[in-house]
Structure formats: C-alpha cells, structure tokens
Enquirer: 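To start, I am sharing the structure in question, which I have written as structure tokens.
Order of listing sets the numbers, starting from 1, for every ligand and every atom in it. All heavy atoms count here, side chains included; hydrogens, waters and symmetry mates do not. All of these numbers come straight from a predicted model, not from anything done at the bench.
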Amino acid sequence: MGSMSELPSFSLPAGLPRLERCAVMGVVNVTPDSFSDGGLWHDPAKAIAHGLALRARGADLVDVGGESTRPGSQRVPEDEELRRVIPVVRELADAGVMVSVDTMRASVAERAVEAGAAVVNDVSGGLADPAMARVVAETGAPFVVMHWRGQSADMDKLAVYGDVVRDVVAELTDRVDALLAAGVKEDQLILDPGLGFAKTPEHNWALLGRLDELTALGRPVLVAASRKRFLGTLLADPATGELRPPRERDDATAAVSVLSARAGAWAVRVHDVSGTADAVRVVAAWQRAARPGHSCPTAGKDGGVREGL
Ligand code: PMM
C-alpha cells in the first residue's frame with residue numbers, strides 16, 4: 001500500500017496528455033436539474049461558453065453531461081440527451097478542448113466520440129447499457145469506469161457494505177474483468193470510486209481516506225467529490241444543522257483535490273476549476289521538492305508553478 005506522498009504509477013490511456021501533475025476535469029452539465037448547477041448551462045450556447053471558460057481557467061478536460069444523476073432523479077429520454085450533449089461536444093472539440101462525455105448510453109457515447117469526444121465517462125461503468133462495452137471497445141476511447149450499484153432513483157437503499165473500500169475495489173475489479181472480456185483494452189480503463197452513488201458520507205470519507213487501496217490497482221483513478229452532499233454535511237451550520245449549499249462547497253472541494261492529487265489520483269472532476277487548477281500545481285511543486293535530487297520548482301509547462309521566483 002502506497003504512502004500519501006508516493007507518486008502514482010499507472011500507464012495513461014492513449015490520447016490523454018501526460019501531465020506532471022493531477023489533471024483537472026471541469027464539469028458542464030447541460031441539464032435543467034443537476035444538484036449544484038442545474039439550469040445554468042442548459043442552453044447549448046451557454047454550455048459551450050462555460051466549457052471554454054473552464055478551459056481558460058485551467059481545465060485539462062471538460063466533461064459534458066446531459067442527464068442529472070442526483071439521488072432520486074429520473075432518466076432523460078435518449079433523443080433529449082443527444083439533443084443536449086452532441087452540439088456542445090462538437091463545438092468544444094472543434095475549439096480544441098479535450099472533451100469527455102458523461103453518459104450511461106452507448107448510443108450517446110458513440111455519437112459523442114464521432115463529434116470529437118476524447119473520453120467516455122460512464123457513471124454506471126458500463127452496467128446501465130449492455131451495448132456500452134462494445135462501443136467503448138470499437139472506439140478505443142479512454143473509459144471512466146465508476147463504481148455504481150443502480151440507477152439514481154433508488155441508489156440510496158443500495159448503500160450497504162461490509163467494508164466499503166474492499167467492496168468497491170472488488171466490484172470495480174469485476175467490472176474491469178467484464179469489460180476486458182468484452183474486448184475493451186487494458187489501457188483504456190480509468191477507475192472512479194463513485195462518491196455519493198449508493199454511498200453515505202461515511203462511505204465517501206472511507207473511500208477518500210483509503211484512496212491508496214484503489215490506486216494500488218495500478219490504473220488511473222478519477223476522484224469526483226465536487227460540491228457533493230457529504231461536503232455539505234461536513235460543513236453544516238452547527239446552530240441549525242442546515243447543510244452548506246452546493247455552491248459554497250468549492251473551498252472544501254479544492255481541499256479534496258489537494259489530498260486526492262497527493263494520494264496519487266490521475267484527475268479530479270470539479271465544477272469550480274480555478275481553485276483546483278492552482279491547488280494541483282501546488283501539490284506537484286511540493287512533491288517535486290520532496291524528491292531527492294529535485295530541481296527548483298519554478299517552471300514546468302504542465303505541472304509547475306506558472307512563474308519562477
Ligand atoms: N458524479 C456526478 C456526475 N458524473 N462522473 C464520474 N466519473 N464520477 C462521479 O462521481 C460523477 C460523475 C454527479 O453529478 P454532478 O455532475 O452534478 O457533479
């Protein structure tokens with residue numbers, strides 16, 4: 001098991017840039033109802049502008065999704081999801097943004113890759129749509145396999161584990177085996193513990209605190225804690241017990257980004273890119289300085305402090 005300051009040892013899927021630091025995935029939800037930014041970027045033109053703004057603030061990838069996965073939410077029809085997502089993916093990809101498409105549908109993944117998406121991000125890890133594995137195998141796109149136990153409408157009652165970290169590692173390992181058997185290649189796979197999906201706050205904290213048990217699988221790991229409810233619970237008003245609202249959870253999110261980067265995550269998925277983009281550069285500079293024979297952390301195109309001292 002790795003220590004907190006060990007550098008990650010995974011090989012990166014083809015097509016993703018090798019950075020000297022944890023990558024930053026910015027979120028664009030083209031939805032009317034996502035829990036933290038629902039409705040803000042529902043209009044495609046606003047979604048595209050937001051994606052470009054996230055890149056300008058330091059996002060290495062922009063994750064475009066057309067279906068809310070918040071607890072209790074219902075599925076969006078396929079044609080509506082395509083209508084929301086594809087124009088945004090196309091415009092951003094044409095503008096040179098590295099796009100991931102956040103979808104559980106093989107048809108949407110396929111069309112998004114045709115429109116220029118570089119990564120498929122499936123919160124069900126290929127479980128929701130039996131055709132997903134084939135599409136991922138055929139496109140060869142990097143594939144985010146998130147830990148998932150069921151649709152959002154009823155996921156809360158699925159939050160029952162023996163040891164949550166061991167169970168998540170075992171279930172993700174089963175997923176990986178099934179995907180490989182379906183023709184997906186080893187070097188396409190990225191793992192994600194699925195914070196908040198059939199998880200209580202205690203489960204989420206265990207998965208973060210023991211992230212090394214996931215990175216020990218030797219694959220890139222994506223951590224997506226941004227603005228999630230467990231942060232609202234942590235920061236609840238002590239007098240009233242009222243949860244901290246989603247848009248006031250960004251400092252806590254940046255703290256999770258720091259600790260995830262330090263624990264060897266490949267990338268963090270966040271709504272507010274600026275704080276995290278700076279934070280992961282601080283972690284990279286700190287880690288370079290901690291290595292014997294290090295050079296002064298002044299530059300580094302991708303990973304360094306932006307200006308030398
Ligand atoms: N969480 C949300 C959406 N997409 N994708 C991955 N890979 N991991 C996650 O934990 C995840 C995700 C939750 O909704 P949001 O888009 O409103 O943050």
Side-chain angles (χ1 to χ4, degrees), residues 13 16 23-42 47 50-51 54 59 61-73 75-76 81 84-85 88 99-105 108-109 112 117 119-128 132 136 141-149 151-153 155-156 159 168 172 175 188-199 201 203-204 207-208 211 214 219-232 245-247 249-250 252-253 256-257 260 265-273 276:
L16 294 182
V24 180
M25 179 187 279
V27 180
V28 176
N29 285 319
V30 197
T31 59
D33 58 342
S34 288
F35 73 97
S36 76
D37 56 357
L40 282 181
W41 327 115
H42 188 36
H50 186 55
L54 292 183
L61 297 110
V62 171
D63 191 40
V64 178
E67 181 170 43
S68 169
T69 50
R70 72 172 176 192
S73 64
R75 296 298 310 269
V76 169
E81 191 185 349
R84 291 179 184 179
V85 159
V88 179
V99 175
S100 65
V101 60
D102 187 345
T103 186
M104 289 187 274
R105 285 197 173 97
V108 178
V119 176
V120 176
N121 172 26
D122 179 355
V123 297
S124 83
L127 280 172
M132 184 62 94
V136 170
F143 184 54
V144 179
V145 185
M146 198 193 83
H147 177 261
W148 186 83
R149 282 186 162 184
Q151 296 290 350
S152 299
M155 69 183 170
D156 285 349
V168 166
L172 278 175
R175 268 299 56 226
Q188 283 179 263
L189 298 171
I190 295 163
L191 303 180
D192 179 333
L195 301 174
F197 287 79
K199 317 277 182 332
H203 294 144
N204 296 325
L207 287 160
L208 287 171
L211 199 65
L214 200 51
R219 301 185 186 277
V221 171
L222 172 67
V223 174
S226 186
R227 296 184 179 173
K228 282 189 176 164
R229 185 182 171 86
F230 74 108
L231 299 177
R247 276 175 228 158
R249 299 174 190 167
D250 288 332
T253 298
V256 175
S257 296
S260 301
W266 158 69
V268 286
R269 177 184 180 278
V270 295
H271 300 85
D272 173 55
V273 161
T276 283

Enquirer: Enumerate the atoms of ligand 1 whose separation from the nearest heavy atom of T69 is less than 4.0 angstrom.
Expert: 2 (C), 3 (C), 13 (C), 14 (O)
Enquirer: Is ligand 1 under 4.0 Å from a heavy atom in the side chain of R227, in the backbone, in both, or in neither?
Expert: neither
Enquirer: With nothing but distance in play, are any N or O atoms of D63 less than 3.5 Å from an N or O of ligand 1?
Expert: no
Enquirer: Can you list the ligand 1 atoms lying under 4.0 Å from a non-hydrogen atom of H271?
Expert: 15 (P), 17 (O), 18 (O)
Enquirer: Heavy-atom contacts under 4.0 Å between L222 and ligand 1: side chain, backbone, both, or neither?
Expert: side chain
Enquirer: With a 4.0 Å cut-off on heavy atoms, is K228 touching ligand 1?
Expert: yes
Enquirer: Going by the atom numbers of ligand 1, which of them fall below 4.0 Å from some non-hydrogen atom of N29?
Expert: 15 (P), 16 (O), 17 (O)
Enquirer: Could you work out, with salt bridge (charged side-chain N to carboxylate O under 4.0 Å, His left out) as the rule, every residue matching D63, not counting sequence neighbours?
Expert: R269
Enquirer: Show the atoms of ligand 1 that are less than 4.0 angstrom away from any heavy atom in A224.
Expert: 8 (N), 9 (C), 10 (O)
Enquirer: Can you tell me how far apart CG (L16) and CD (Q188) are? Round to the nearest 0.5 Å.
Expert: 11.0 Å
Enquirer: Quick one: are V168 and L207 in side-chain contact, heavy atoms under 4.5 Å?
Expert: yes
Enquirer: I'd like to check the salt bridge (charged side-chain N to carboxylate O under 4.0 Å, His left out) partners of R175; sequence neighbours left out, ordered by chain and number.
Expert: none
Enquirer: Is the backbone of S226 close enough, under 3.5 Å, to the side chain of T253 for a donor and an acceptor to pair up by distance?
Expert: no
Enquirer: Would you call V76 and R84 a side-chain contact if the rule is heavy atoms closer than 4.5 Å?
Expert: yes
Enquirer: Are W148 and M104 close enough that some pair of their side-chain heavy atoms sits under 4.5 Å apart?
Expert: yes
Enquirer: Under a 4.0 angstrom heavy-atom cut-off, which atoms of ligand 1 come close to D192?
Expert: 6 (C), 7 (N), 8 (N), 9 (C)
Enquirer: Taking only heavy atoms of V123, which atoms of ligand 1 are found under 4.0 Å from at least one of them?
Expert: 4 (N), 5 (N), 12 (C)
Enquirer: Numbering the atoms of ligand 1 from 1, which are under 4.0 Å from a heavy atom of N121?
Expert: 5 (N), 6 (C), 7 (N)
Enquirer: Answer yes or no: is there a side-chain heavy-atom contact under 4.5 Å between E67 and R75?
Expert: yes
Enquirer: In terms of atom number and element, which parts of ligand 1 are under 4.0 angstrom from non-hydrogen atoms of V144?
Expert: 7 (N)
